[in-house]
Undergrad: 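Below you'll find the structure I mean.
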Amino acid sequence: IPFQSRHLIYCSFISVIFMLCVMCQEASALGQFLANSRSVCAKYSSSLALLASDESNNKSSVDSFKAKDQDTKWINLPLHKSIIPKIEYLEEDYEVQSNAGTKFVYSPDKPSPVELISIRDKTIYFKRDDRIRLKNSNVSGNKARKMLALNGIPAPDFPECVVSYGGTQSNSMLAIAAVVHSKNLELTDLRKRSNGISADSSSSPYKTRQFLYFTKKIPRFLKKNPSGNYFRAKSLGMQIVELSGDEYKNLFRTEQGGKQTAPSGFEEKLPYNSVWIPQGGACGMATIGGEILAKEIIFFWKLNGKGRPLTVLLPGGTCSTALVLHRAIRNIQALSEQDSELDIKVVVIPCVGDEGYASLQMMAMNMATGGLGEKDEIPFVLKPAPDADFYLEDSSSNKYLRFGEPDYEILKTYQEMDKIGINIDLLYGASAWSVLFRHWPKNVEETFGSQLLSGRELLYVHSGGLEGVNSQLMRYRHKGMISGQKVQHPPTKERWS
């Protein structure tokens, strides 16, 4: 072989060896980093196939949920230690307000404000949960309700590791990351005030808490250009584990949707006293915030309802907030003769999946949190259109909208609400209102296209989620549906003119 060829082969061989060494060093460094931060990544990788295989053989049923919940080695959330202030119901806090969008309140010290909005010649009550915040973590909206009990646990009693799963732009993911981060700030302050007690000891109540999050493969563009909730959660210290689509499905999905309990054997890979929070925070801890929301709505309607029937509307992902609210209102009314006279219905508008998926999700959570499996234990579900058949849909206008998929109907709704001064997100708020507008009367003489809405006052619970609007608008821009200058938040009324 000529010298030049031998030299080229030799150099190529050395380059390959060098690249392999670098990769090994990077892998070693990554493994050391995960070990130092007590991540499950390294141990998890070696047993992933076995776990996935075990899970694929498990029956997806409510019975298996209950059995696993009894056998699990995970610690329970110390909700009995959660500090929830006593609520004082002052009438002035429950008056219909104007310009509530400029006010922030801390929950549960104050109720979220309610304002009356005119939309297409109809007046709708808006309960502005987007204006509530949790102390220290500043979690807002729907997740402030779900995370209220978690946020209230004192830092020294807080679990060593919180484990969850879901999408890369999940509002729940960001909310958990914010709560864990706030506890670590509290612990840092406690260490300083306790003569510099070390956080390194495994038995130290002041050691750093962790948040471990499982998700599907992160898109290459998002990795290179972190944005939205993913960027914020990572900045707050979230550790993330990527899975292939099949691995994710086998570990975390069931016929009822997202898994309520951790995959069996999962806790063996965790060196922490860990707690499991299912996708969207759809678990028992959400009931405390949901009960407070129910009390706020009942007290508000006793003062302002004047005997009129009320339909409470909520957008739904896991639909857990709607379920908890529905059950809480029923329970409150069962204990009070005066409250039982109120005609209040809870109606959820599915934004993920369809009516069947929403019902299965709610039924699974209902059973996992002490329900009896009765149909009236879950709230009503709004059809995708007045004449839609849930099982024989033959046109796009009779179907629910695809979650997360840029859609002109959703964009048009977002723009319409923007112009009247209501800021909503595109994943839940605009999707829910797009379905709701299909039921809207075409003129003042007509009624709503659903008996759940017709002849009743409507109160829409604004679930927030506005933190992710910019990243959502970027997807619409990428699809060529809006121009670059319109990707801004908060929006302006002139933006769409």
Undergrad: Do the side chains of Leu212 and Cys161 get nearer than 4.5 Å, heavy atoms only?
TA: yes

Undergrad: Strictly by modelled atom types, are Asn171 and Asn142 linked by a side-chain donor-acceptor pair under 3.5 Å?
TA: no

Undergrad: Under the criterion side-chain contact (heavy atoms from CB on, under 4.5 Å), which of Ile344, Leu458, Leu382, Val346 is the partner of Thr311?
TA: Leu458

Undergrad: Indicate whether the side chain of Thr413 and that of Ser434 have a donor and an acceptor atom separated by less than 3.5 Å.
TA: yes

Undergrad: Considering the options Leu342, Leu459, Ile298, which one meets the side-chain contact (heavy atoms from CB on, under 4.5 Å) requirement together with Leu310?
TA: Leu459

Undergrad: Find out whether Ile329 and Gln333 are in side-chain contact, i.e. whether some heavy atom of one side chain is under 4.5 Å from a heavy atom of the other.
TA: yes

Undergrad: In this structure, is the centre-to-centre distance between the rings of Phe214 and Trp276 below 6.0 Å?
TA: no

Undergrad: Between Ser359 and Val381, is a side-chain contact (heavy atoms from CB on, under 4.5 Å) present by the stated rule, with each step listed?
TA: CA-CA 8 Å; Ser359 297; Val381 180; 4.1 Å; yes

Undergrad: Does anything in residues 223-246 form a ring-ring contact (aromatic ring centres under 6.0 Å, His included)? List the pairs, not counting sequence neighbours.
TA: none

Undergrad: Apply ring-ring contact (aromatic ring centres under 6.0 Å, His included) to Phe300 and list each qualifying residue two or more places apart in sequence or on a separate chain.
TA: Tyr125

Undergrad: Output yes when a side-chain donor or acceptor of His462 lies under 3.5 Å from a complementary backbone atom of Gly141, and no otherwise.
TA: no

Undergrad: Can Asn184 and Thr208 be counted as having a side-chain donor-acceptor contact under 3.5 angstrom?
TA: no

Undergrad: Which donor-acceptor pairs under 3.5 Å do the side chains of residues 78-91 make with protein atoms, sequence neighbours left out?
TA:
residue, atom, partner, partner atom, Å
Lys81, NZ, Asp157, OD1, 3.4
Ser82, OG, Ala149, O, 2.7

Undergrad: Let me see the working for Asn273 and Glu160 under side chain to side chain donor-acceptor pair (under 3.5 Å), right down to the final yes or no.
TA: CA-CA 5 Å; Asn273 293 321; Glu160 295 179 37; 2.7 Å; yes

Undergrad: If you look at every heavy atom in Phe211 and Ser164, which pair is closest and at what distance?
TA: CE1-CB, 4.1 Å

Undergrad: Can you confirm whether Lys345 is buried at NZ, in the sense that more than 12 heavy atoms of other residues, nucleotides or ligands lie under 6.0 Å from that atom?
TA: yes

Undergrad: If I compare all heavy atoms of Gly290 with all of Leu325, which pair ends up nearest, and what's the gap?
TA: O-CD1, 4.2 Å

Undergrad: For a quick test of reading the model, state the closest non-hydrogen atom pair linking Ser471 to Gly468 and the distance between them.
TA: OG-O, 2.9 Å

Undergrad: Assess whether a salt bridge exists between Glu296 and Arg145, defined as any Lys/Arg side-chain N lying under 4.0 Å from an Asp/Glu carboxylate O.
TA: yes

Undergrad: Does Phe221 have more than 12 heavy atoms from other residues, nucleotides or ligands lying within 6.0 Å of its CZ?
TA: no

Undergrad: Decide whether Asn366 and Glu377 meet the rule of one side-chain donor and one side-chain acceptor closer than 3.5 Å.
TA: yes

Undergrad: Can you name the side-chain hydrogen bond (donor to acceptor under 3.5 Å, both in side chains) partners of Lys223, sequence neighbours left out?
TA: Glu242

Undergrad: Tell me whether Phe380 at atom CZ has more than 12 heavy atoms from other residues, nucleotides or ligands lying less than 6.0 Å away.
TA: no

Undergrad: Please identify each residue that fulfils side-chain hydrogen bond (donor to acceptor under 3.5 Å, both in side chains) with Asp343, with sequence neighbours left out.
TA: Arg456

Undergrad: Holding to side-chain hydrogen bond (donor to acceptor under 3.5 Å, both in side chains), I want the full list of residues that pass it with Gln451, two or more places apart in sequence or in another chain.
TA: none

Undergrad: If you measure from CD1 on Ile422 to OH on Tyr414, what distance do you get to the nearest 0.5 Å?
TA: 12.5 Å

Undergrad: Going from CG on Leu236 to OG on Ser182, what distance comes out if it is rounded to the nearest 0.5 angstrom?
TA: 9.5 Å

Undergrad: Would you please say whether a donor-acceptor pair under 3.5 Å links the side chains of Ser320 and Thr318?
TA: yes

Undergrad: Does anything in residues 277-295 form a side-chain hydrogen bond (donor to acceptor under 3.5 Å, both in side chains)? List the pairs, not counting sequence neighbours.
TA: Arg253-Gln279

Undergrad: Does one side chain, of Asp129 or Ser463, offer a donor that lies under 3.5 Å from an acceptor on the other?
TA: no

Undergrad: Going by salt bridge (charged side-chain N to carboxylate O under 4.0 Å, His left out), name the residues that satisfy it together with Asp339, two or more places apart in sequence or in a different chain.
TA: Lys302

Undergrad: Verify whether the ring centers belonging to Trp433 and Tyr460 lie closer than 6.0 Å.
TA: yes

Undergrad: Could you tell me the separation between the OG atom of Ser112 and the CD1 atom of Ile297, rounded to the nearest 0.5 Å?
TA: 8.0 Å

Undergrad: Would you call Lys122 and Ile119 a side-chain contact if the rule is heavy atoms closer than 4.5 Å?
TA: no

Undergrad: Just how far is it from atom CG of Leu466 to atom CG of Leu426, taken to the nearest 0.5 Å?
TA: 10.0 Å

Undergrad: Evaluate the criterion side-chain contact (heavy atoms from CB on, under 4.5 Å) for residue pair Asn136 and Glu186; output intermediate values, then yes/no.
TA: CA-CA 9 Å; Asn136 299 321; Glu186 291 181 49; 3.7 Å; yes

Undergrad: Can you pull out every salt bridge (charged side-chain N to carboxylate O under 4.0 Å, His left out) where at least one residue sits in residues 308-328? Sequence neighbours excluded, please.
TA: Arg308-Glu457

Undergrad: Checking Lys479 now: which residues fulfil salt bridge (charged side-chain N to carboxylate O under 4.0 Å, His left out) with it, not counting sequence neighbours?
TA: Glu405

Undergrad: Please check if any side-chain donor atom of Ser140 sits under 3.5 Å from a side-chain acceptor atom of Glu467, or the reverse.
TA: yes

Undergrad: Drop me the distance from Ile410's CD1 to Gln472's CD, to the nearest 0.5 angstrom.
TA: 10.0 Å

Undergrad: Restricting to salt bridge (charged side-chain N to carboxylate O under 4.0 Å, His left out), what partner residues turn up for Arg120, sequence neighbours left out?
TA: Glu416

Undergrad: Using the side-chain hydrogen bond (donor to acceptor under 3.5 Å, both in side chains) criterion, which residues pair with Lys183? Sequence neighbours excluded.
TA: none

Undergrad: Can you tell me how far CE of Met362 sits from CD1 of Ile378, rounded to the nearest 0.5 angstrom?
TA: 4.5 Å

Undergrad: Taking all heavy atoms of Arg209 and all of Pro156, pick out the closest pair and write down the distance.
TA: NH2-O, 3.0 Å

Undergrad: Decide side-chain contact (heavy atoms from CB on, under 4.5 Å) for Ile240 and Met238; before the verdict, give the C-alpha distance in whole Å, the side-chain angles of both, and the deciding distance to 0.1 Å.
TA: CA-CA 6 Å; Ile240 197 162; Met238 175 186 69; 4.0 Å; yes

Undergrad: Please assess Asp109 against Lys135 for the test salt bridge (Lys or Arg N to Asp or Glu O under 4.0 Å), listing each intermediate value before the final yes or no.
TA: CA-CA 10 Å; Asp109 296 349; Lys135 291 182 178 178; 2.8 Å; yes

Undergrad: Run the side-chain contact (heavy atoms from CB on, under 4.5 Å) check on Ile288 and Met285 step by step: do they pass?
TA: CA-CA 6 Å; Ile288 297 176; Met285 74 169 183; over 6 Å; no

Undergrad: Under the criterion side chain to side chain donor-acceptor pair (under 3.5 Å), which of Gln97, Lys127, Arg128, Arg131 is the partner of Glu115?
TA: Arg128

